[in-house]
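Only one structure is covered here, and it is reproduced in the block below.
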Amino acid sequence: VQLQASGGGLVRPGGSLRLSCAASGFNLADYAIAWFRQAPGKEREGVSSAGRFSGLNTYKQSVKGRFTIARDNAKKVVFLQMNSLEPEDTAVYYCAARPGFLVTSATLNPEYYDHWGQGTQVTVSS
């Protein structure tokens with residue numbers, strides 16, 4: 001199982017970025033996928049998870065309405081579209097995967113994920 005995150009960068013407040021997580025070595029359709037982030041001095045936190053179906057996607061409250069997660073099982077990639085970015089969104093973003101799917105309350109808990117990508121830096125600053 002390998003995960004490769006990309007798409008981070010420096011953006012002004014109010015700007016947008018799209019992160020990608022390329023998966024290899026497993027059938028993406030059978031795995032839960034989520035994005036996490038970690039800012040300096042803070043714990044890793046769940047941002048969004050892609051459920052088996054789009055209606056089962058979950059989001060951290062502070063990113064609802066601004067971030068959208070989408071999976072493309074055929075192309076083995078998961079996207080995180082981030083709009084209206086704020087300085088508080090600055091962090092290293094990681095994608096993570098685990099076989100099977102979780103109940104909604106567990107989807108943003110990093111303890112339930114087995115495989116992690118290397119992270120991509122997102123900096124929101126004027």
Practice prompt. May I ask you to establish whether R98 and Y113 are in a cation-pi arrangement, using a distance under 6.0 Å from NZ or CZ to the six-membered ring centre and at most 45° from the ring axis?
Written response: no

Worksheet entry | Any donor-acceptor N or O pair under 3.5 Å, side chains T58, S49 | yes

Worksheet item: Is any side-chain heavy atom of P99 closer than 4.5 Å to a side-chain heavy atom of D114?
Response: yes

Worksheet item: If you take all heavy atoms of V77 and S20, which pair is closest and at what distance?
Response: CG2-CB, 4.3 Å

Worksheet item: Going by atom types alone, do Q121 and T123 pair a side-chain donor with an acceptor below 3.5 Å?
Response: yes

Item to complete: Working to the nearest 0.5 Å, report the span between CG of D89 and NZ of K60.
Response: 10.0 Å

Worksheet item: Centres of the F26 and Y31 rings: under 6.0 Å?
Response: yes

Discussion item. Tell me whether the count of non-hydrogen atoms from other residues, nucleotides or ligands lying under 6.0 Å of CD in E86 goes above 12.
Written reply: yes

Response to the item:
OG of S54 to CZ of R71, rounded to nearest 0.5 Å, is 10.5 Å

Practice prompt. Report the distance from atom CZ of R44 to atom CZ of F36, rounding to the nearest 0.5 Å.
Written response: 8.5 Å

Item to complete: Determine whether R37 and V63 make a side-chain contact, defined as any pair of heavy atoms from C-beta on separated by less than 4.5 Å.
Response: yes

Worksheet item: Parallel, tilted or perpendicular for Y94 and W116, by the 30°/60° rule?
Response: perpendicular

Worksheet item: From C21 SG over to K76 NZ, what is the distance, rounded to the nearest 0.5 angstrom?
Response: 11.5 Å

Fill in: Residue pair F101 / A50: nearest heavy atoms and the distance that separates them
CE2-O, 4.3 Å

Worksheet, complete the sentence: On a heavy-atom basis, the closest approach of Y59 and T68 is OH-CA, 3.4 Å

Discussion item. Quick one, L10 and V124 - any side-chain contact, counting heavy atoms below 4.5 Å?
Written reply: no

Discussion item. Is the shortest side-chain heavy-atom distance between R12 and L85 below 4.5 Å?
Written reply: no

Discussion item. Would you say that M82 contacts V122 through its side chain, given a criterion of any heavy-atom pair below 4.5 Å between the two side chains?
Written reply: yes

Discussion item. Working to the nearest 0.5 angstrom, can you tell me the gap between W35 CH2 and C95 SG?
Written reply: 4.5 Å

Item to complete: Find out whether P13 and P87 are in side-chain contact, i.e. whether some heavy atom of one side chain is under 4.5 Å from a heavy atom of the other.
Response: yes

Discussion item. Looking at N57 and G51, would you say the former's side chain and the latter's main chain have a donor-acceptor pair under 3.5 Å?
Written reply: yes

Worksheet entry | L19 side, atom CG; I69 side, atom CD1 - distance, nearest 0.5 Å | 10.0 Å

Worksheet, complete the sentence: All heavy atoms of Q81 vs all of S16, minimum pair found to be NE2-CB, 4.0 Å

Item to complete: Taking the side chain as every heavy atom from C-beta outward, state whether Y112 and T107 have any pair of such atoms under 4.5 Å apart.
Response: no

Worksheet item: Does the side chain of I33 come within less than 4.5 Å of L28's, by heavy atoms?
Response: yes

Worksheet item: Where is the tightest heavy-atom contact between A91 and A39, given as atom of each residue plus distance?
Response: CB-N, 3.8 Å

Item to complete: Might you point out which heavy atoms bring L108 and P110 nearest each other, and give the distance in Å?
Response: O-CD, 3.5 Å

Practice prompt. Please assess E43 against Q38 for the test side-chain contact (heavy atoms from CB on, under 4.5 Å), listing each intermediate value before the final yes or no.
Written response: CA-CA 6 Å; E43 293 187 354; Q38 188 165 20; 5.5 Å; no

